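What you are looking at is a predicted structure, and each value in this text was computed from that prediction instead of being measured.
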Amino acid sequence: MDLKSTFENLKDRAAEMAQAGVAQSKRLAEIAKLKTANMAEEDAIKKAYIEIGKLYYAEQGATPDGAFAAACEKITASKALIETNNERIAELKQPGDPEAEVEAETVEAEAEPVAEESTECTCSCGCGEETEDKQD
């Protein structure tokens, strides 16, 4: 009966190892889930910081407090530069420029609803099937 007890020993060890593997997998899955949740929370914090900054600049940008003055000045300077660049772009654009036409077409295309593809018969027999799918 020594062979039988050895087999039982191996069977028990295999079961223990399988259970340990399952427990390890569950633990690692929970860690991954918690790390993902932490990343989502960090993203929410970053968005809140951005919103605080936008609100502060909107309310106090013209007369910022000491520590915020440099950052508000950078924003104001960048906005002025963007406006200057946009004015120059408007001056350089001429009617009929390909870029201006492409921008207009893009805006029009985004506004139009997309038509659904027809699945009607293309062979004019009225079968209701697409001819591409038919195998004659």
Note to self: So Phe7 and Leu10, do their side chains get closer than 4.5 Å, heavy atoms only?
What the structure shows: no
Please round to the nearest 0.5 Å and tell me the distance separating atom [atom1] of [X] and atom [atom2] of [Y].
X     : Y     : atom1 : atom2 : result
Ile45 : Glu42 : CD1   : CD    : 6.5 Å
Thr84 : Ile89 : OG1   : CD1   : 11.0 Å
Ile50 : Lys46 : CD1   : NZ    : 9.0 Å
Lys35 : Leu28 : NZ    : CG    : 9.5 Å
Glu51 : Lys54 : CD    : NZ    : 6.0 Å
Lys79 : Ile75 : NZ    : CD1   : 7.0 Å

Note to self: How close do Tyr56 and Pro64 get, counting heavy atoms only, and between which atoms?
What the structure shows: OH-CA, 3.5 Å
Margin query: Check this for me: Glu8, atom CD, are more than 12 non-hydrogen atoms of other residues, nucleotides or ligands nearer than 6.0 Å?
Written below: yes
Note to self: As a quick check of understanding, evaluate salt bridge (Lys or Arg N to Asp or Glu O under 4.0 Å) for Glu91 and Arg88, giving each step before the final call.
What the structure shows: CA-CA 5 Å; Glu91 290 174 5; Arg88 181 66 181 143; 3.2 Å; yes
Check: Taking Ser5 for the side chain and Asp2 for the main chain, is one N or O donor matched with an acceptor at less than 3.5 Å?
Finding: yes
